[in-house]
Amino acid sequence: MSLSAVALFSGPAMAQESAAPPMAVVRESDVERREPVPHGAIGMSTAYRISDAVPQPRRMEFRRRVLDVGAAIGEHPIAHDEVYHVTAGEGVVVSDGVEAALEPGMTAYLYDGAVVGIRQVGEEPLSLIIAYPVKAPVE
């Protein structure tokens, strides 16, 4: 992994010794890629797999995904709580068959064990922040 994707910070500003790794700063443009939408490949999207660029160990996933017009993350079971936060566009989220409309500034908190998905609606692409824990840090 190049330092252009991740910047690690530590130094004399730290007042006390820490067991934590140094923080990682990721430039979104360094992790951007075009790909089919996950869980059914319903359309295309731009994925920003931000946490994939963070050194291990880490305990969460943090991503942004922009769904093209007509695209959807297909319904799939989740084995953890998950958050979808809309930053642009409009979408419809589903959790165990119940749908809710989302627009910028709205967040859906989805629970462990639910079957979830989200689809873009309207004229603009749907931009989402997606966050969820990983079961155990990958080392």
Side-chain angles (χ1 to χ4, degrees):
M1 177 166 326
S2 72
L3 285 180
S4 66
V6 176
L8 302 177
F9 294 89
S10 65
M14 297 174 62
Q16 51 185 300
E17 199 64 31
S18 174
M23 80 169 143
V25 176
V26 179
R27 184 181 315 275
E28 197 174 68
S29 61
D30 290 338
V31 295
E32 176 182 355
R33 66 180 179 219
R34 291 286 294 164
E35 63 185 30
V37 179
H39 307 292
I42 305 163
M44 289 296 291
S45 67
T46 303
Y48 303 87
R49 296 177 175 272
I50 296 162
S51 53
D52 287 3
V54 174
Q56 298 295 348
R58 62 181 167 83
R59 293 183 174 83
M60 66 180 291
E61 294 292 346
F62 186 87
R63 300 174 176 184
R64 184 164 81 96
R65 185 173 294 270
V66 180
L67 304 181
D68 291 0
V69 172
I73 296 174
E75 292 184 41
H76 59 284
I78 56 174
H80 47 255
D81 288 5
E82 193 161 303
V83 175
Y84 293 170
H85 177 75
V86 176
T87 61
E90 298 175 28
V92 174
V93 65
V94 63
S95 178
D96 288 337
V98 177
E99 293 188 347
L102 296 177
E103 58 188 38
M106 294 178 77
T107 301
Y109 191 98
L110 307 164
Y111 291 93
D112 182 1
V115 175
V116 305
I118 190 166
R119 68 183 180 273
Q120 181 280 338
V121 297
E123 297 179 13
E124 295 179 39
L126 173 62
S127 176
L128 300 167
I129 300 293
I130 302 169
Y132 54 92
V134 292
K135 288 288 184 193
V138 179
E139 304 213 27

In terms of hydrophobic clusters joined by side-chain contacts under 4.5 Å, are [X] and [Y] together?
X	Y	value
V86	V66	no
I42	I78	no
V26	I129	yes
L67	V121	no
M44	V37	no

Please name the pair of heavy atoms, one in [X] and one in [Y], separated by the smallest distance, quoted to 0.1 Å.
X	Y	value
G122	V69	O-CG1, 4.1 Å
A88	P104	CA-CG, 3.8 Å
V31	A53	CG1-CB, 3.7 Å
S95	A114	OG-CB, 3.5 Å
A108	L102	CB-CD1, 4.1 Å

>> For the CD atom on E28, are there more than 12 heavy atoms of other groups (residues, nucleotides or ligands in this structure) within a distance under 6.0 Å?
In response: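 Enclosed: over 12 neighbouring heavy atoms sit under 6.0 Å from CD of E28.
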
> What do the steps show when you test M60 against H80 for side chain to side chain contact (heavy atoms under 4.5 Å, CB included), and what is the final call?
Replying inline: CA-CA 11 Å; M60 66 180 291; H80 47 255; over 6 Å; no

Side chain of [X], backbone of [Y]: donor and acceptor closer than 3.5 Å?
X	Y	value
Q120	G70	yes
S45	E35	yes
R58	S51	yes

>> Check this for me, if you would: do E90 and R119 make a salt bridge, where the nitrogen-to-carboxylate-oxygen distance has to be below 4.0 angstrom?
In response: no

> Going by an N to O cut-off under 4.0 Å, is there a salt bridge joining R34 and D68?
Replying inline: yes

>> Apply side chain to side chain contact (heavy atoms under 4.5 Å, CB included) to residues V116 and H76 and explain how you reach the verdict.
In response: CA-CA 5 Å; V116 305; H76 59 284; 3.9 Å; yes

> Do the side-chain N and O atoms of R64 and S127 include a donor-acceptor pair separated by under 3.5 angstrom?
Replying inline: yes

> Looking just at side-chain N and O atoms, do Y132 and D81 make a donor-acceptor pair shorter than 3.5 Å?
Replying inline: no

Are side-chain heavy atoms of [X] and [Y] found at a separation under 4.5 Å?
X	Y	value
L128	I118	yes
E61	R49	no
R27	E32	no

> Where do H85 and M106 land on the side chain to side chain contact (heavy atoms under 4.5 Å, CB included) test, with the steps shown first?
Replying inline: CA-CA 6 Å; H85 177 75; M106 294 178 77; over 6 Å; no

> Should I130 and I73 be marked as a side chain to side chain contact (heavy atoms under 4.5 Å, CB included) after you check the CA-CA gap, both sets of side-chain angles, and the distance that decides it?
Replying inline: CA-CA 12 Å; I130 302 169; I73 296 174; 4.1 Å; yes

> Rounded to the nearest 0.5 Å, what separation is found between the OH atom of Y48 and the CZ atom of R65?
Replying inline: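 So the gap between those two atoms works out to 11.0 Å.
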
